**Student:** 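This is the structure I want to talk about, given as structure tokens.
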Amino acid sequence: MNLTLKIWRQKNKNAEGKFETYPVKDVSPDMSFLEMFDYLNEELINKGEEPIAFDSDCREGICGSCSMWINGRAHGPVPGVTTCQLHMRSFKDGETITVEPWRAKAFPVIKDLVVDRSSFDKVIAAGGFVSINTGGAQDGNTILISKDDASEAFSASMCIGCGACVAACKNSSAMLFVSSKIFHFASLPQGKVEAKTRVQNMVAKMDEEGFGDCSNTYACEAQCPKEISVEKIAKMNREYLTAKLT
Amino acid sequence: MSDIDSKIPEGPLATKWTKYRSTVPLVNPSNKRNIEIIVIGSGLAGSSAAASLAEQGYRVKVFCFQDSPRRAHSIAAQGGINAAKNYQNDGDSVYRLFYDTIKGGDYRSREGNVYRLAEVSGNIIDQCVAQGVPFAREYGGLLSNRSFGGTQVQRTFYVAGQTGQQLLLGAYNALERQVGIGSVTMYSRHEMLDIVKIDGKARGIIARDLVTGKLERHFGHAVLLCSGGYGNAFYLSTNAMGSNVTAAWKAHKAGAYFANPCYTQIHPTCIPVSSGHQSKLTLMSESLRNDGRIWVSKKKDDTRKANDIPEDERDYYLERRYPAFGNLVPRDVASRAAKERCDAGHGVGASKMAVYLDFASSMKRYGTIEANKRNIHNPSAEEIDRLGKEVLKEKYGNLFDMYKQITNEDPYEVPMRIYPAVHYTMGGLWVDYNLMTNVPGLYALGEANFSDHGANRLGASALMQGLADGYFVIPYTIGVYLSNEIRTKAISTDEPAFVEAEKKVQDNIDKLMSIKGTKSVDHFHKTLGLILWNKCGMSRNETGLKEAIEEIKALREKFWSDVRIPGDANELNTELEKAGRVADFLELGELMCIDALHRNESCGGHFREEYQTEEGEAKRDDENFAYTAAWENKGNNAWDLHKENLEFKEIHISKRSYK
Ligand SMILES: Cc1cc2nc3c(=O)[nH]c(=O)nc-3n(C[C@H](O)[C@H](O)[C@H](O)COP(=O)(O)OP(=O)(O)OC[C@H]3O[C@@H](n4cnc5c(N)ncnc54)[C@H](O)[C@@H]3O)c2cc1C
Ligand code: FES
């Protein structure tokens, strides 16, 4: 296939960025989107130009590194996959594809398609844990957890922290990310002890980091590569209210 | 006689660790506050070690090259983690896990270390459950188990096909809690590029801030390398793109011995290579071998579709050759058997370099059981398939989806095509019982060390080892060294040793940037990968290894005169990052071949064609090679060999058979 790529190029945090257009020829439909980028980069390097900077590591949809805004959607047109799992067979021969970095105040651009998502780590550091030290845990089977509760918890803890929810939201809200962690712990007995402080501290940190409010448009759910449901947000709101009222 | 001391405590195997742990010197809490520890890596080993040490009161700095510690390669582990809990009442015990691991490693690991690993395995599960890791559960609420290759009990704990992710998030949450408290300082997007030694002891590191390109000096009373394995030396592997050997290799060049570099694991069940543009290979977890049957056509060069080949024309070669373990033989055995069938002309798919992994009979079996559970009498074939599919989906849904994403084929309908791929490295930095390298104050944990898996690692035991090292071993053993360091004040990073180390790193970067050649870094990496895969991969021989050594030398020279790195060094420059890593792989690759060439036997993942039985099984030579090969770097790509003899007092060393 032959494609035209319009890609956001930005030298660094402070530089101004702009779109550059690159024709790419002989792309195989079996390539992943990132392999197509490798291919383009190899060509740029051979021509003596600077390759396009982008994040990737696992390339199997689990580390959450890759983060491209493709044709107006986080991780591109196919629902339920990350950019690294997107294959070129999902595009048409001759298509023009526009690629930008995540856009959000809390995710400043570092270079080209690479953004700084350390605000997510800060939100976790504010309360996304069970406060136990290593050692002294009781036998694992003394805490009985129903199969359903374990699956519920997993349906939230599977979040890969990629930031697609923030990029997809017109307010750059991190509600889906934060509520996933809250929901994970709220589904399990281990998480109950600190439920109140956890939700309060994480929400406060989220606001401090510059993420916007949720106005219930659910773009986050639609573009989450793990298809995490907005139910998690509703549950977090309930947890937050309970924490405030008691 | 060994010329290196593994410091295994005296006394009976079963009480070695408990006794040692209760008698190692301690550092009192007020002194801990003045001691700084550097941890390189935030995978399972690094995060668990950093969190546990910070909880004890040490001041910890953690470095990783990803943008967040949560993205370390451990996140990708799929199938599960072993522990000797005997929850299934099937005869498991610490001893059995110990025994299976020693045998699985083809009698090339240390009894003392492996016993300790088995002993603490249960604590890991307890710790992770307490952290809120949502392990799979039975209907009654108890923890669920599955089996993994190389064992006959069910001792593997799991979270769907995303066990590594959930365990790492548990450790990451614990780590972030310490960051929040202020006990850990996190340096993401930083790459360690050298060790700083003062008076022979590790005292710090030089790291590059990958965003600004600035070099930084960091002091530590001790340095822990938790930097993962070196499988990416082969270019194509199941490892994450960034996985590399640089941290361990710089330590090696600073004096730390590198042990058993030729012990690399080729995993039997990966999605086959499809094209030259492929950047990495994807694992299909070993847990699939519980329910999938591996076969090829009995007919050579059969062009029929899988579903058109009748049952009696299929060769379930693992079940045929190894009736006792069948599809659950260890990885090295399963990989070689697949290669043997493909080389003999029975390979499947377009490339003919693949075998089938078929779930049809499990689907029927599970479907029937489910129908019974639900009181459905005389279910139709479609109904059985539908119910069976539901069960498979719950167990392996994400893996099946991933397979379909990549290959565009539906494994619920047609068998998967799989082929072996580089996956894990048993070799690594040599460490003693305390996990310390031969450089005082320098430690290696997790996949970065060589310690527990001998010549072949059993499935679900890397996660176990990484977390054992970090949660339950290093917090005790580090006291042996640090209790003598309480008087050492923080050393200024203006000391000459730091200045010189930084200059060395800077010179290396300048040299790389100044080459301005014609070939990309990937070009050299791919070429190296092919040499290693063809001549130091699943099977090796003397001629091939000798050729490989010469080819790697020539390639290295070419690299240093013709690599092209665009951009500048004082900014985010992914090509420069890759170049530094490939430069180190080009040295390690040679050592891998040297090690493989010197080991005149076949054991575990190291299969030398000259040393095999008539039936094509690996032939060990215990008389001459029951040792760990620890290589000392003499500079200019020359090495001296040190041998640590392996003594088997508890286990009778015997032929490894899975028949
Ligand atoms: C696809 C896949 C599936 C697997 N499934 C299983 C399984 O089911 N069960 C099992 O037991 N094992 C499994 N394994 C093996 C297991 O995942 C790894 O062996 C283990 O996670 C390694 O953990 P680690 O902490 O040692 O290193 P890693 O998780 O690799 O972490 C390395 C860390 O070091 C950092 N680092 C490296 N170099 C530098 C440097 N120079 N400077 C700064 N930081 C650096 C990285 O940023 C990273 O944080 C699997 C492996 C793969 C590839
Ligand atoms: S690279 Fe890991 S999720 Fe895409």
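Side chains included, hydrogens not; waters and symmetry mates left out as well; all remaining heavy atoms used. Note that this is a predicted model, so its numbers are computed, not measured. Below, chains carry the letters A, B, ... as their sequence lines are ordered, and counting in each starts from 1.
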**Student:** Would you say A:Glu42 and B:Asp522 make side-chain contact, with heavy atoms under 4.5 Å?
**Tutor:**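 SC-SC contact between A:Glu42 and B:Asp522 confirmed.
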**Student:** Identify the heavy atoms of B:Arg189 and A:Asp55 that sit nearest to each other, and give their distance.
**Tutor:** NH2-OD2, 2.8 Å
**Student:** What part of B:Gln278 is in contact with chain A, defined as an atom under 4.5 angstrom from a non-hydrogen atom: side chain, backbone, both or neither?
**Tutor:**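 Answer is both: backbone and side chain atoms of B:Gln278 are under 4.5 Å from chain A.
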**Student:** If you take all heavy atoms of A:Asp57 and B:Arg71, which pair is closest and at what distance?
**Tutor:** OD2-O, 3.9 Å
**Student:** Which bit of B:Lys85 comes within less than 4.5 Å of chain A, counting heavy atoms only: side chain, backbone, both or neither?
**Tutor:** side chain
**Student:** Non-hydrogen atoms of chain A under 4.5 Å away: do they reach the side chain of B:Asn123, the backbone, both or neither?
**Tutor:**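 No part of B:Asn123 comes within 4.5 Å of chain A.
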**Student:** For the OG atom of A:Ser131 and the CD1 atom of B:Ile181, what is their distance to the nearest 0.5 Å?
**Tutor:**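 Answer rounded to 0.5 Å: 7.0 Å.
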**Student:** Which pair of non-hydrogen atoms, one from A:Ile143 and one from B:Arg137, has the smallest distance, and what is that distance?
**Tutor:** O-NH1, 3.0 Å
**Student:** With a 4.5 angstrom heavy-atom cut-off, which part of B:Ile406 approaches chain A: side chain, backbone, both or neither?
**Tutor:**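 For B:Ile406, the contact with chain A is made by backbone and side chain together.
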**Student:** Answer yes or no: is there a side-chain heavy-atom contact under 4.5 Å between A:Lys181 and B:Asn173?
**Tutor:**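 Yes, close enough: below the 4.5 Å cut-off.
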**Student:** In Å, rounded to the nearest 0.5 Å, how long is the span from CG of A:Asp30 to CG of B:Asn408?
**Tutor:**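 Those atoms lie 7.5 Å apart.
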**Student:** Report yes if the side chains of B:Gln405 and A:Thr82 come closer than 4.5 Å at any heavy-atom pair, otherwise no.
**Tutor:**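 The answer is no; the side chains never approach within 4.5 Å.
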**Student:** So what's closer than 4.5 Å to chain A heavy atoms on B:Ser74: side chain, backbone, both or neither?
**Tutor:** neither
**Student:** Which bit of B:Asp401 is near chain A, if near means a heavy-atom gap under 4.5 Å: side chain, backbone, both or neither?
**Tutor:**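 For B:Asp401, neither part sits under 4.5 Å from chain A.
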**Student:** Count the heavy-atom pairs under 4.5 Å between each of A:Leu144, A:Val115, A:Asp121, A:Val130 and chain B, then report the option with the highest count.
**Tutor:**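 The answer is A:Asp121.
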**Student:** State the CD-CZ distance between B:Gln178 and A:Phe129, to the nearest 0.5 angstrom.
**Tutor:** 9.0 Å
**Student:** Measuring from atom CE of A:Met158 to atom CD of B:Gln166, what distance do you get when rounded to the nearest 0.5 angstrom?
**Tutor:**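 Output value for this atom pair is 8.0 Å.
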**Student:** If you round to the nearest 0.5 Å, how far is CG of B:Asp126 from OG1 of A:Thr134?
**Tutor:** 12.5 Å
**Student:** What pair of heavy atoms forms the shortest contact from A:Gly140 to B:Leu143, and how long is it?
**Tutor:** C-CD1, 3.8 Å
**Student:** Can you tell me how far the CD atom of B:Glu571 sits from the NZ atom of A:Lys111, to the nearest 0.5 Å?
**Tutor:** 3.5 Å
**Student:** Going by heavy atoms in the side chains, are B:Tyr87 and A:Asp139 under 4.5 Å from each other?
**Tutor:** yes
**Student:** State, yes or no, whether a side-chain contact exists between A:Ile132 and B:Gln127 at a heavy-atom distance under 4.5 Å.
**Tutor:** yes
**Student:** Looking at A:Leu188, A:Asn133, A:Thr142, which makes the most heavy-atom pairs under 4.5 Å with chain B?
**Tutor:**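 Of the candidates given, the most pairs with chain B belong to A:Asn133.
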**Student:** My understanding is that only one of B:Leu281, B:Thr282, B:Ile75 makes a side-chain contact (heavy atoms from CB on, under 4.5 Å) with A:Glu60; could you say which?
**Tutor:** B:Thr282
